[in-house]
Amino acid sequence: MAPASPRLSAPPKSTPTFSPDKTSVIFVLGGPGAGKGTQCAKLVRDYGFTHLSAGDLLRAEQDREGSEFGDMIKEYIKDGKIVPMEVTVQLLENAIMDKDEGRGRFLIDGFPRKMDQAVRFEEAVCPSKFTLFFDCPEDVMSERLINRGKTSGRTDDNAESIKKRFKTFVETSMPVVEYFEKQGKVVKIKAVKSPDEIYEDVKEAMVQRGIEPSAK
Ligand code: C5P
Ligand code: MG
């Protein structure tokens, strides 16, 4: 058997590694094509967040030479299924440690997409401040993804995978949004207009949650 990556084998813990007093975590959720990555880039520019996309981390692990998880991740992504949470939570925890740079403000994009990820991350890594949820109808998301598929090179930006990803989003990820909503921890943003128009609403939401832009 190939040697396990030592950094992907931390045991479950009951105390979070990072204290929410020092480390701010904002989850960014929304269906595939809702514009999470686009809005995160703007927030990084203006607020000094470190952006961690769970999907990007999984794709990097999938392509990492010698990864024991590469083949598994590939299959899950193509099928639009949620990768077993141990892998994703550990990749995120590693990335938070690597990229903290002392700023301690993180946007975690495309995560948690399933209840077990939400519970494990908040227990073992860091409780979230709130979730930014980008709400967008499927027909709009679908058009964006088909367009993106022309250049993204992603194995899941095709009609068949998109259908599966929508199903997973409704059945598996929306319950996470509802779970945080019950705790008063969801900021919902309509995500149909242009990126700049949507971003105006995002900035307004940040004001309401007491998050200031970083000094320029
Ligand atoms: O967020 P993104 O669209 O880049 O995610 C691509 C795929 O990565 C998802 O469809 C899913 O297969 C996987 N993923 C996951 N768990 C997450 C985020 C992404 O399994 N929290
Ligand atoms: Mg993305």
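In listed order, ligands and their atoms are each counted from 1. Values reported hereafter were calculated over all heavy atoms of this structure, with side chains retained and with hydrogens, waters and symmetry mates removed.
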Check: Any salt bridge between Lys193 and Asp201, counting N to O under 4.0 Å?
Finding: yes
Margin query: Can you name the atoms of ligand 1, numbered from 1 with element, that are less than 4.0 Å from a heavy atom of Val83?
Written below: 15 (C), 20 (O)
Next item on the list: Just go through Arg113, Arg165, Lys114 and tell me whose heavy atom is the nearest to atom 2 (P) of ligand 1.
Entry: Arg113
Next item on the list: Any atoms of ligand 1 less than 4.0 Å from a non-hydrogen atom of Gly55? List them with their elements.
Entry: 4 (O), 5 (O)
Notebook entry, point to check: Any idea which protein heavy atom is nearest atom 11 (C) of ligand 1, and the distance to it?
Noted result: Lys81 O, 3.3 Å
Checklist line | Residues Arg120 and Glu123 bridged, charged N to O under 4.0 Å | finding: no
Check: So which protein heavy atom does atom 16 (N) of ligand 1 come closest to, and at what separation?
Finding: Gln117 NE2, 3.4 Å
Item checked: Close-contact set for ligand 1 against Ile77 heavy atoms, below 4.0 Å -> 7 (C), 8 (O), 12 (O)
Notebook entry, point to check: Within a radius of less than 6.0 Å around NZ of Lys78, do more than 12 heavy atoms belonging to other residues, nucleotides or ligands occur?
Noted result: no
Checklist line | Taking atom 19 (C) of ligand 1 as the reference point, the nearest protein heavy atom with its distance | finding: Leu58 CD1, 3.7 Å
Next item on the list: Give a yes or no on this: more than 12 heavy atoms of other residues, nucleotides or ligands lie within 6.0 Å of atom NZ of Lys164.
Entry: yes
Margin query: Suppose I only count heavy atoms of Arg59 and a 4.0 Å limit; which atoms of ligand 1 are within that range?
Written below: 4 (O), 6 (C)
Next item on the list: Considering only NZ, NE, NH1 and NH2 on the basic side and carboxylate oxygens on the acidic side, decide whether Lys81 and Asp156 come within less than 4.0 Å.
Entry: no
Item checked: Element-labelled atoms of ligand 1 that are located less than 4.0 Å from some non-hydrogen atom of Arg154 -> 2 (P), 3 (O), 4 (O), 6 (C)
Next item on the list: Using the ring of Phe130 (Phe, Tyr or Trp, six-membered ring only), decide whether Arg209 places NZ or CZ under 6.0 Å from its centre and within 45 degrees of its axis.
Entry: yes
Item checked: Options Gly110, Gly37, Ser152, Gly80, ranked by nearest heavy atom to atom 17 (C) of ligand 1, top entry -> Gly110
Next item on the list: Output the distance between atom CD1 (Ile189) and atom CZ (Phe133), rounded to the nearest 0.5 Å.
Entry: 11.0 Å
